[in-house]
Amino acid sequence: MMRKKEIGMISLALTILIIFSILQFINFQSSPENIIPDGTGEMIWVNNIIEIVVAIGVISLFLITIVIHRKFTKFEGYHQVVDEKYNGSLQDNNISETDIGQLIERFSPVQIIVHAVTAISILTLYVTGIPLLYPEHLGWITDIIVLSRNMFLHRLAGLGLLSVAIYYLIYSALHIKYVKRDFITNIIPTSNDIKGAISDLLYVLGKKATRYESRKFNWLEKIDIFSVALFDGLIMCSSGLIIWAPWLFSSFIPSSYLISINVLHGGFAVLSLCGILLHFYVVHLTLHRFPMDFSIFTGTVPLQEAQEEYPLWVKEVSGDKS
Amino acid sequence: MIERIGTPIVLVSLLTFVLVETNLLTTGIIITIGLNVAILLVVVQILALLLGISRSLVVFHKREKSPLYSPVREAFIHSNKEKQENVKL
């Protein structure tokens with residue numbers, strides 16, 4: 001039986017091997033800029049579909065942010081107590097200071113490292129990539145960094161994201177096979193998450209008095225995880241590799257498709273950024289977490305917060321069958 | 001105060017992307033401000049990430065120094081101490 005440390009080492013070794021092979025395949029040094037021609041190309045209808053999908057996605061994320069904001073401002077219990085604690089009026093309440101001080105393990109060291117590398121890669125990709133989409137508004141960033149250096153940083157960050165995606169994929173597969181089969185069940189979306197989203201919406205609209213009880217990850221966190229895995233890890237990395245070295249794919253991808261892939265890369269980058277802005281709101285600006293939530297860095301979360309937000313998970317961890 | 005201003009800032013930057021991506025408004029000072037605010041929020045996140053990573057390294061260092069170290073236990077001891085001090089007062 002393999003241990004977690006051995007799985008981590010094997011995953012790391014395989015990731016380095018795969019990334020090294022990709023670099024050899026692409027030839028890291030030969031990366032001429034603007035190799036994909038401008039224009040709409042022959043696949044205008046595909047470009048239009050991508051633009052519509054991105055527009056709908058951005059509007060949805062905007063509306064979700066409003067719903068989440070309303071939800072957090074309606075929260076009571078732990079969140080209210082923490083606010084009162086900060087304001088110096090923690091009195092006549094069932095929750096004591098000791099309760100607030102208790103912590104519960106939520107993230108493993110591997111998850112902490114994967115989150116840190118993913119975050120630094122994605123944020124670097126935004127700073128170096130988004131200005132290329134809106135040169136008249138954000139061109140000053142490219143001017144400061146200089147285009148060639150900007151593209152080098154962008155590709156380096158892209159490799160970081162690709163590495164971490166490959167690493168976590170291998171790690172998860174080995175973990176499921178050799179350690180714990182239910183490793184992935186916590187993040188798989190279920191019908192319960194749809195009920196959770198509807199329930200939260202009804203709670204925000206005042207149609208429902210009680211909130212939905214979540215397991216380890218709620219519906220919004222699952223959207224976060226899957227948007228990063230699917231959009232950033234899969235779509236952005238694969239389209240980014242094609243844009244980086246289009247000559248390598250010319251035998252099976254017609255040149256007219258490259259413009260659409262470019263549109264896809266840019267469009268989903270905007271969608272991804274909007275998702276991260278929502279994430280920024282949740283982890284930095286909700287009242288009980290301001291100025292920032294350290295749980296993904298320390299691996300722990302206050303017990304009271306967990307009981308409030310993930311009651312079913314706390315019951316599972318504590319073995320409470322009620 | 002900042003957290004109350006922060007929410008509208010996030011909403012404004014998201015609204016900018018809604019306007020741009022739906023082609024309702026693609027040029028002008030409002031769009032420039034919105035997009036720059038979005039990039040500013042990304043930079044703030046980078047700084048927060050660096051702060052968080054340093055916190056992770058502190059926990060890692062304490063674990064290396066003392067294998068029995070646990071942030072959960074430390075928080076428990078700290079809260080108990082606070083409680084005892086409150087009782088004394």
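Worth saying up front: this structure is predicted, and the values here are computed from it rather than measured. In the text below, chain A, chain B and the rest are named by the order of the sequence lines, each starting its count at 1.
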Q) Which bit of A:F294 is near chain B, if near means a heavy-atom gap under 4.5 Å: side chain, backbone, both or neither? A) side chain
Q.
To the closest 0.5 Å, what do you measure between CG (A:N262) and CG (A:N47)?
A. 9.5 Å
Q | Close side-chain approach of A:L201 to A:V67, heavy-atom, < 4.5 Å | A | yes
Q: Heavy-atom distances under 4.5 Å only: say whether A:I112 touches chain B with side chain, backbone, both or neither.
A: side chain
Q. If you round to the nearest 0.5 Å, how far is OG1 of A:T65 from CG of A:L278?
A. 4.0 Å
**Q.** Euclidean distance, A:L161 CG relative to A:M236 CE, rounded to 0.5 Å
**A.** 9.0 Å
**Q.** Top of A:G57, A:A119, A:P131 for chain B proximity - count of heavy-atom pairs under 4.5 angstrom
**A.** A:A119
Q | Part of B:L50 lying under 4.5 Å from any heavy atom of chain A | A | side chain
Q. Would you call the rings of A:H115 and A:H279 parallel, tilted or perpendicular, where under 30° means parallel and over 60° means perpendicular?
A. tilted
Q) Does the side chain of B:E21 come within less than 4.5 Å of A:L271's, by heavy atoms? A) no
(Q) Between B:S54 and chain A, with a heavy-atom cut-off of 4.5 Å, which part of the residue counts as in contact: side chain, backbone, both or neither? (A) neither
Q. What is the distance from atom OG1 of A:T118 to atom CD1 of A:I113, rounded to the nearest 0.5 Å?
A. 11.0 Å
(Q) Under a 4.5 Å cutoff for heavy-atom pairs, which residue among B:I53, B:N23, B:L57 has the most contacts with chain A? (A) B:I53
Q: Output the option from A:D293, A:V127, A:I276, A:L61 having the highest count of non-hydrogen pairs under 4.5 Å with chain B.
A: A:I276
Q.
I need the residue from B:I39, B:I29, B:T22 with the largest number of non-hydrogen atom pairs under 4.5 Å to chain A.
A. B:I39
Q. Can you find a pair of side-chain heavy atoms, one from B:I31 and one from B:T26, that are under 4.5 Å apart?
A. no
Q. Quick one: what part of A:L273 sits under 4.5 Å from any heavy atom of chain B, side chain, backbone, both or neither?
A. side chain
Q.
I'd like to check A:T300 versus A:R106 (side-chain heavy atoms, cut-off strictly below 4.5 Å). Are they in contact?
A. no
Q.
Quick check for you: among A:I59, A:I296, A:I52, which has the greatest number of heavy-atom pairs under 4.5 Å with chain B?
A. A:I59
Q: Give, as side chain, backbone, both or neither, the part of B:L49 having an atom under 4.5 angstrom from any heavy atom of chain A.
A: both
Q: Name the region of B:V20, side chain, backbone, both or neither, that has any atom closer than 4.5 Å to a heavy atom of chain A.
A: side chain
Q. Side chain, backbone, both or neither: which part of A:L277 has a non-hydrogen atom closer than 4.5 Å to chain B?
A. both
Q) Is any side-chain heavy atom of A:L156 less than 4.5 Å from a side-chain heavy atom of A:T124? A) no
Q) Given a strict heavy-atom distance threshold of 4.5 Å, which part of A:I141 is in contact with chain B: side chain, backbone, both, or neither? A) side chain
Q: For each of A:Y126, A:Y134, A:W140, tally heavy-atom pairs with chain B at distances under 4.5 Å, and name the one with the top tally.
A: A:Y134
Q | Proximity breakdown for A:F280 and chain B, heavy-atom pairs closer than 4.5 Å | A | both
